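Take a look at the structure set out below.
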Number of protein chains: 2
Amino acid sequence: MKAYKIPEATVMRLSIYSRYINQLQNEGIETISSGQIAEGVGVSSAQVRKDLAYFGEFGTRGVGYKVGELYGHLMKILGLDRRWNVIIIGAGKLGSALALYQGFFDRGFEICAVLDDDEKKIGTRLGDITIEPLEVLKERVKERDIKVGVVAVPAAHSQDVTDKLVAAGVKAILNFSPRVIQVPLGVTLRNVDLSMNLEVLSYNLASNR
Amino acid sequence: MKAYKIPEATVMRLSIYSRYINQLQNEGIETISSGQIAEGVGVSSAQVRKDLAYFGEFGTRGVGYKVGELYGHLMKILGLDRRWNVIIIGAGKLGSALALYQGFFDRGFEICAVLDDDEKKIGTRLGDITIEPLEVLKERVKERDIKVGVVAVPAAHSQDVTDKLVAAGVKAILNFSPRVIQVPLGVTLRNVDLSMNLEVLSYNLASNR
DNA sequence: GACTGTGAAGCCATTCACAGCT
DNA sequence: AGCTGTGAATGGCTTCACAGTC
């Protein structure tokens with residue numbers, strides 16, 4: 001799986017496609033065309049075909065794609081043909097919500113640990129997980145081979161926490177704090193900036209079209 | 001405020017810039033160059049200048065930008081020189097976390113109501129807010145002039161809830177459910193797909209670079 | 001006849017590079 | 001000398017359009 005340069009937008013859409021295809025699969029549909037996928041997720045059919053073509057020839061001309069097969073390909077491409085262990089730093093409202101979010105588990109992500117530096121939270125439980133102090137970070141990452149870290153702490157601490165995650169050996173970070181953070185080469189970073197999303201809406205409302 | 005066609009990426013960056021500039025302002029810094037902003041948020045200086053130039057000439061050649069002035073311009077451009085009333089549908093873990101998220105309030109978004117159809121949740125409180133049934137949607141939107149709706153319900157109900165928000169008169173929707181939803185022209189939609197973000201990380205880990 | 005896979009064209013965002021101002 | 005504002009060049013993603021296949 002070493003295609004040359006795949007647009008990030010393509011990878012994001014593959015994730016969307018995969019969940020739509022999964023939905024179709026559950027409905028018992030067996031074959032689908034790029035046009036139907038396109039309609040289902042709101043893009044053009046050419047886009048769907050181009051995205052898939054980066055990774056191989058999954059369809060049959062004149063027919064379309066077999067739902068089950070395509071789903072398998074997509075999950076493999078996305079690296080979801082295995083489970084990933086995840087650690088969350090920050091057991092505030094957001095961190096707790098993420099820890100309990102069923103959607104992650106359903107897609108193969110297992111929250112192995114939730115850490116916080118607040119004495120009052122340490123020892124309390126979130127579902128099956130007991131909140132632990134930051135000191136156990138390195139240990140948990142090693143013993144559970146955790147590759148993914150989630151940063152759900154206030155902006156002021158996000159860089160500090162990120163550095164610790166990196167030092168512990170985490171290779172991918174999902175940052176929910178509204179602050180730009182730096183990671184070294186070899187570590188992948190994605191930001192989910194909740195305020196930014198609302199502010200883009202605000203912009204659109206204000207420049208009212 | 002009716003610039004012709006602004007890239008969405010530009011608007012997203014303006015939101016980032018504005019928070020970085022705010023940070024500088026709090027540190028007492030008075031003047032800043034595009035290069036310094038660029039370094040602070042991780043883009044190129046040309047990008048910063050181009051983004052700002054869509055909206056006017058805010059800087060002084062040879063000098064840079066006055067922090068206070070630029071912040072004012074950015075907030076005005078983003079429509080954050082006023083407060084926006086927001087309604088959240090879904091009082092699960094995520095909806096509750098969003099309702100209590102201080103970051104929204106700090107940027108001018110006020111959560112006016114949280115609705116859910118679960119009898120057990122209705123009547124319970126989230127901070128200052130009492131969870132109410134979906135039936136009050138139209139009433140709340142009217143009386144508080146709510147323009148922004150947040151969808152934090154399971155995928156199966158997201159389109160239904162969205163239709164109700166639109167019918168009630170909401171003009172912008174932030175969707176947290178992992179399902180593609182449709183809105184009519186004149187309503188702005190943004191999606192925050194938590195699983196998608198993790199899956200892009202998974203993709204990057206799997207095609208390991 | 002229907003639909004995929006794909007080179008070419010089109011379009012849009014980013015980067016370059018420099019004139020213009022302080 | 002330093003930095004902004006901007007037309008031109010570049011690069012990259014999306015759309016077009018059609019040959020290839022069933």
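Numbered from 1 within each chain, the chains take letters A, B, ... in sequence-line order. Everything quoted here is computed from the prediction, not taken from an experiment.
- Side-chain nitrogen and oxygen atoms of B:R13 include at least one within less than 4.0 Å of the OP1 or OP2 phosphate oxygen of C:dT14.
- Both A:D51 and A:G62 sit near DNA chain D, but only A:D51 has its closest nucleotide nearer the 5' end.
- Atom CG of A:L14 and atom C1' of D:dC13 are 14 Å apart (whole Å).
- Of all nucleotides listed (C:dA13, D:dT15, D:dG5), C:dA13 comes nearest to the side chain of B:P7.
- Protein atom CG of A:L70 is 12 Å distant from nucleotide atom C1' of C:dT4, rounded to whole Å.
- For D:dG5, the base has a donor-acceptor partner in the side chain of B:R49 [N/O atoms by modelled type, under 3.5 angstrom].
- Evaluation of atom-type donor-acceptor distances gives no pair under 3.5 Å for the side chain of A:K5 against the base of D:dG11.
- As a whole-Å value, the separation of B:M12 CE from C:dA13 P is 11 Å.
- Annotation: side chain of B:R107 is not in contact with side chain of A:S202 (no heavy-atom distance under 4.5 Å).
- Here the rule is side chain to side chain contact (heavy atoms under 4.5 Å, CB included) with B:L165, and of B:V150, B:V151, B:V183 only B:V151 fits it.
- Distance A:K50 NZ to C:dA9 C1': 11 Å, rounded to the nearest Å.
- Using a 4.0 Å cut-off, no side-chain N or O of B:Y54 falls inside it from OP1 or OP2 of C:dA13.
- Under 4.0 angstrom from either OP1 or OP2 of D:dT15 there lies at least one side-chain N or O belonging to A:S44.
- Taken residue by residue, residues 27-38 of chain B places no heavy atom nearer than 4.0 Å to DNA chain C.
- Relative ring orientation between A:F104 and A:F109 is described as perpendicular, the plane-to-plane angle rising above 60° on a 0-90° scale split at 30° and 60°.
- Taking side-chain N and O atoms only, B:Q47 has a distance below 4.0 Å to OP1 or OP2 of C:dT15.
- Rounded to whole Å, the distance from CZ on A:R61 to P on C:dG1 is 19 Å.
- Within the structure, every side-chain polar atom (N or O) of A:Y65 is placed at least 4.0 Å from both OP1 and OP2 of D:dC22.
- One can place CZ of B:F58 at 11 Å from P of D:dT6, the figure rounded to the nearest angstrom.
- Judged by a 6.0 Å distance limit and a 45° cone about the ring axis, A:R83 is positioned over the six-membered ring of A:F105.
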